[in-house]
Structures are given as C-alpha cells and as structure tokens.
Amino acid sequence: MADQAYDEVVDTEPDEEGYARGLGSRQIQMIAIGGAIGTGLFLGAGTAISKAGPSLILSYAVAGLVIFAIMRALGELLTYRPVSGSFAEYAREFLGPFAGYVTGWTYWLFWVVTGMAETTAAAVYIKYWEPDIPQWVSALGFLVILYAANLISVKVFGEIEFWFSMIKVTAIIGIILIGIGVLTLGFSKAGDTASVTHLWHEGGFFPKGIGSTVMTLQIVMFAYLGVELVGVTAGESQNPEKTLPRAINTLPWRIALFYIGALIIILSLVPWTEFQPGVSPFVAAFGKIGIPAAAGIINFVVLTAALSSCNSGMYSTGRMLRDLALRGQAPGRLTLLNAHRTPASAITVSCALMGLGVVLNYLAPAKAFEYITSVATVCGIWTWAMILICQIRYHKAWKNGHLPPPSFKAPGGVVASWAALVFLAVVIVLIGLDPDNRISLYVFPFWAVLLVVGYQVLKRSRPEAVQAQAHDHLHVKSGR
C-alpha cells in the first residue's frame with residue numbers, strides 16, 4: 001500500500017533532463033499493456049488467420065518470446081540509466097554518435113508516420129457512425145485534441161493513455177469471457193457449433209503448411225510494434241527502478257492473455273475458414289454469436305486503439321526530437337520546455353508533420369500514402385535491433401568491470417539477445433519474400449541516404465554535435 005502511495009504521488013522536482021516525473025505506476029502499467037494491443041490485433045489478425053489458420057497462435061507465441069527478450073534487454077538498460085531518449089541514448093553510448101543519431105531520427109520517423117496513418121484511420125472509423133462528416137474534419141479534430149492534451153502535462157497524457165488502454169483491455173477480456181461462456185455453457189447462436197476442435201479439424205493445426213505459418217511471422221511482429229514505448233517514459237516515470245521492471249515483467253501474461261488467449265477463443269468459436277482478409281475476426285466472431293451491436297463495439301475499440309497510437313506518437317516524437325536537439329542534432333529551439341515541463345516546441349513540429357498526413361491522404365493516391373507509412377515497419381525493427389545490440393555491449397562492459405551491473409538482469413543474457421537478433425533478421429528476409437510488404441524495403445534506403453547526408457552536413461557545420469559526449473564513458477574505458 002505504501003509503495004502504491006509513493007508511486008501515485010507526482011514528483012514535482014524535474015529530472016536531469018528537465019522533465020517532470022509525472023507518470024505513476026498505474027499509468028506505466030497501462031501504457032505497457034496498451035503498447036501490446038493495437039489495430040494489428042483487432043484488424044490485422046483477419047489477414048493472418050486466412051494465411052495460416054490456427055497455427056497463427058504458434059506464430060504469436062514464438063514472436064511473443066522474442067518481444068519479451070527485447071523488452072528484458074531494454075529493462076537492463078533502463079535500470080542502468082533511465083533517460084527519456086532511451087534508444088538513441090543507449091545507441092549513442094554503446095555504439096557511437098552516428099548510431100545514436102540514426103536511431104533517434106528513425107524512431108522519431110516511426111511515430112510520425114504511424115501518427116499520420118492512425119489519425120486518418122480514426123477519421124475513417126468515425127464515418128461508421130457519421131458518414132456525412134468529411135474525413136479531414138475528424139482527423140484534424142482528433143489531432144488538435146491530442147496535441148492540446150500532450151502540451152498540458154505528462155500526467156494528462158498518462159491519464160488519456162490509461163483510459164484508452166483500459167477500453168482495449170476490457171474489450172478483450174469481455175470477448176474472452178463471453179467466448180468461454182459459449183464454449184462451456186453452449187448459449188448463443190454459436191453454441192451448437194463452437195468447439196476447441198476447430199483448432200485442428202478444418203485441415204489440421206497447419207492447414208496451409210508450416211511455410212505459410214512462418215510467413216505470418218512478419219505480420220505478427222508488426223502487431224507488436226509500439227510495445228517498446230514504455231522505454232521512452234523512463235525520464236518521466238516516478239521511481240523508474242521499480243515501475244519499469246514491474247511493467248516489463250508483466251509482458252508474458254499480457255501476450256498470453258490478450259493475443260494467444262483471445263485467438264484461441266476466437267478460433268474455437270468460429271472455424272478459421274470463415275475469417276476473411278481485411279475483416280476484423282472479432283467482428284466476425286461477435287456476429288456469429290449473435291451480439292447485435294458487434295460491429296459498433298469493435299469499431300469503437302479500434303477507434304480507441306488508433307487514437308491511443310496517435311497519442312503515444314505525439315508523446316514519443318516530442319521526447320525523441322528534443323533529445324536530438326539537446327545533442328545539437330536538431331534545431332536548438334526544439335529543446336524548449338513549457339511551464340508544465342513538456343517539450344512543447346518538439347511536440348508542435350512533430351504534430352504539424354502528422355497533420356501533413358491528413359493533407360497527403362486527401363491529395364495523393366492511396367499507394368503514395370502506403371509507401372510512406374510502410375517505413376514504420378522497418379523503423380520499428382531497427383529500434384528493436386539497436387536495443388538488443390546495446391544490451392550485448394552493456395553486458396560485456398559490466399562483465400569487464402567498466403560499468404555497474406544491472407539491478408534487473410535479462411534472463412538468458414546475451415544468448416537470448418543474439419537469438420532475438422537472428423529472428424529479426426529472418427523477419428526482414430520474410431518481408432523481402434512477401435510482395436505485399438516488400439515495398440518497405442524499397443522505401444527505407446531513401447531514408448538511410450537522407451540520414452547519411454544529414455550526418456555529413458552536421459560533421460562539417462556542427463562537429464561538436466557528432467562527438468562522443470562526456471557521459472559516454474564506455475568508449476573511454478573500453479578504448480573505443
């Protein structure tokens with residue numbers, strides 16, 4: 001009880017970066033949970049089920065283990081040095097200035113393009129109830145509301161994210177409980193046909209072969225994008241040494257319940273052959289059960305997921321852009337904090353660019369918009385790879401006595417991190433083999449060229465911005 005009271009008291013003292021530590025344990029837990037539940041599950045699972053059948057459950061389980069390895073590696077780094085620009089900071093410290101520069105800008109781009117897509121998606125979902133409202137009006141309205149909330153204080157952001165996540169969690173738990181009731185008690189229209197035997201009767205557990213199951217790993221990994229957001233909250237978390245490990249340690253049961261548990265129930269209620277690509281499997285299952293407002297309920301939950309993602313995007317892009325500015329790798333004015341100690345200038349710039357997505361979606365063909373948003377996928381995988389590589393470097397440093405050991409050690413150590421890196425490499429290969437997703441590998445090199453050119457300009461015009469900082473003691477002690 002005392003711990004909870006401590007966690008919920010807002011720390012009014014700024015941390016070393018100037019932020020207010022306004023995120024309590026309750027909010028961090030829900031941000032961590034919400035990061036693992038998004039439109040990838042509510043909508044994307046339909047396409048994956050049609051490609052792999054019940055074996056998709058295995059894909060989510062394997063990918064979930066890899067995500068847990070990534071997050072525990074991040075946990076080591078966060079308890080070693082909890083900072084707001086976490087991914088970029090660790091890349092800068094353990095791999096050098098260029099790696100930090102690339103990681104910071106890439107993670108910023110990831111959330112900007114995700115924000116563009118999710119704002120537009122939210123406007124599309126509103127059309128379900130109000131088809132006469134122009135799409136750009138809804139998109140702009142959501143953008144302005146979330147922008148204002150992020151400017152007020154980090155605590156307001158945390159509260160909004162808490163309730164967004166609560167809606168998603170409640171919806172999935174409700175679906176699971178209703179599904180268990182149908183399977184055990186036999187009520188509803190699906191009561192006579194619902195059975196766990198659907199998991200292996202319609203063509204077996206691998207109805208389209210193991211190869212098709214492996215190909216779904218890339219779709220599954222996309223659904224997990226955003227789970228690392230809890231790392232960005234480190235600089236504004238109350239008592240991060242306690243709250244962050246607690247949030248990360250709950251990841252396995254979150255994946256087991258919200259992904260694997262939900263899929264087992266859904267695929268037991270309805271044979272996998274009845275699910276269609278592009279259609280939410282939750283809507284299909286609710287329709288089979290006979291719940292009258294099924295489509296409306298799921299549409300509301302998916303709307304919440306989209307707004308949650310956009311809200312998270314504004315939060316993380318503001319912090320990452322300010323971190324880059326503090327390093328001299330972005331304009332100096334972006335370092336400014338407002339009276340509530342939120343990075344108002346950096347959030348404003350990021351939000352303005354997200355707003356361009358609304359304009360782009362209105363003016364450009366759908367394909368042009370897809371080309372831009374496809375970059376988010378590879379950006380996310382890059383960030384995960386950087387977390388793992390930095391943890392491997394940190395592990396070596398503390399083993400050699402150059403740095404203090406972590407208080408939150410990752411199970412499996414560097415072996416688990418190397419295995420996760422190999423898995424991510426396999427996912428990249430799978431993306432290249434899939435004609436529907438291959439475009440992301442074509443777009444990303446253009447971003448890489450922009451980063452290299454920008455870095456070379458920085459080296460000439462502002463050399464101090466690309467030099468190792470004083471706190472990068474690893475490079476000094478390890479002789480790098």
Side-chain angles (χ1 to χ4, degrees), residues 32 35-36 38 40 48 56-80 86-91 93-95 99-100 102-103 106-107 110 213-232 234 244-245 247-256 258-260 376-399 405-406 408-434 437 440-441 444:
L56 180 67
I57 296 167
L58 182 60
S59 293
Y60 270 101
V62 172
L65 287 174
V66 174
I67 290 296
F68 183 56
I70 293 170
M71 291 303 291
R72 281 303 298 260
L74 177 59
E76 272 198 10
L77 296 166
L78 288 172
T79 52
Y80 151 63
S86 59
F87 318 124
E89 277 294 295
Y90 302 137
E93 176 173 353
F94 294 101
L95 300 170
V102 171
T103 302
T106 299
Y107 195 66
F110 163 63
T213 304
V214 172
M215 284 300 293
T216 62
L217 286 173
Q218 40 144 338
I219 301 174
V220 170
M221 291 303 282
F222 303 161
Y224 284 122
L225 286 174
V227 71
E228 75 295 323
L229 178 67
V230 69
V232 184
L244 295 176
I248 291 171
N249 274 338
T250 60
L251 186 64
W253 73 258
R254 281 186 271 130
I255 290 173
F258 298 129
Y259 280 96
I260 299 171
T377 300
V378 184
C379 289
I381 292 176
W382 171 275
T383 301
W384 289 341
M386 286 296 102
I387 290 169
L388 294 167
I389 294 171
C390 289
Q391 185 263 348
I392 291 169
R393 294 298 306 273
Y394 169 55
H395 197 274
K396 181 180 179 181
W398 70 259
K399 281 284 188 182
F408 183 56
K409 293 181 181 178
V414 297
V415 175
S417 294
W418 277 114
L421 278 171
V422 171
F423 184 89
L424 293 181
V426 170
V427 171
I428 292 293
V429 172
L430 294 176
I431 291 173
L433 294 175
D434 189 335
N437 293 298
S440 59
L441 298 184
F444 196 74

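For this chain, numbers begin at 1 and follow the sequence in order.
- In this structure, Y224 and Y259 have side chains that are in contact, with non-hydrogen atoms separated by less than 4.5 Å.
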Less than 3.5 Å apart, which donor and acceptor atoms pair up between the side chains of residues 410-421 and the rest of the protein, not counting sequence neighbours?
| residue | atom | partner | partner atom | Å |
| --- | --- | --- | --- | --- |
| S417 | OG | Q391 | OE1 | 2.5 |

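- Of all non-hydrogen atoms in C390 and L95, the two that sit nearest each other are SG-CD1, 4.0 Å.
- In this view, K396 and N400 satisfy the side chain to side chain contact (heavy atoms under 4.5 Å, CB included) rule, not counting sequence neighbours.
- Under a 3.5 Å cut-off, the side chain of Y60 and the backbone N or O of I255 do not form any donor-acceptor pair.
- Remark: R72 qualifies as a cation-pi partner of F408 under the 6.0 Å distance and 45° angle criteria applied to the six-membered ring.
- The minimum heavy-atom distance between L388 and A73, with the atom names listed, is CD2-CB, 4.1 Å.
- Counting only heavy atoms from C-beta outward, the side chains of I389 and F94 never approach each other to under 4.5 Å.
- No donor-acceptor pair closer than 3.5 Å links the side chain of T106 to the backbone N or O of C379.
- Looking at P245 and I248, their side chains never come closer than 4.5 Å, going by heavy atoms from C-beta outward.
- Side-chain contact between I67 and M221: present, with at least one pair of heavy atoms (C-beta onward) separated by less than 4.5 Å.
- Y90 contributes a side-chain N or O that, together with a main-chain N or O of L77, makes up a donor-acceptor pair within less than 3.5 Å.
- Shortest non-hydrogen contact noted between A48 and T216 is O-CG2, 4.0 Å.
- Without hydrogens or angle criteria, T103 side chain to G100 main chain gives no donor-acceptor distance under 3.5 Å.
- Across all non-hydrogen atoms, the minimal contact from P405 to Y394 is C-OH, 3.4 Å.
- Taking the six-membered ring where the residue is Trp, F444 and W382 present tilted rings, their angle falling between 30° and 60°.
- Using modelled atom types, one side-chain atom of E228 and one backbone atom of G226 make a donor-acceptor pair closer than 3.5 Å.
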>> One pair to check against side-chain contact (heavy atoms from CB on, under 4.5 Å): L65 and F423. What are the steps and the verdict?
In response: CA-CA 11 Å; L65 287 174; F423 184 89; over 6 Å; no
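- Residues V227 and I70 are not in side-chain contact: their nearest non-hydrogen atoms beyond the backbone lie 4.5 Å or more apart.
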Contacts table for residues 427-434: side-chain donor-acceptor under 3.5 angstrom, sequence neighbours left out:
| residue | atom | partner | partner atom | Å |
| --- | --- | --- | --- | --- |
| D434 | OD1 | D436 | N | 2.9 |
| D434 | OD2 | Q218 | NE2 | 2.8 |
| D434 | OD2 | N437 | ND2 | 3.2 |

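- When side chains are defined from C-beta on, T79 does not count as touching L244, because their heavy atoms never get closer than 4.5 Å.
- Annotation: side chain of L74 is not in contact with side chain of W384 (no heavy-atom distance under 4.5 Å).
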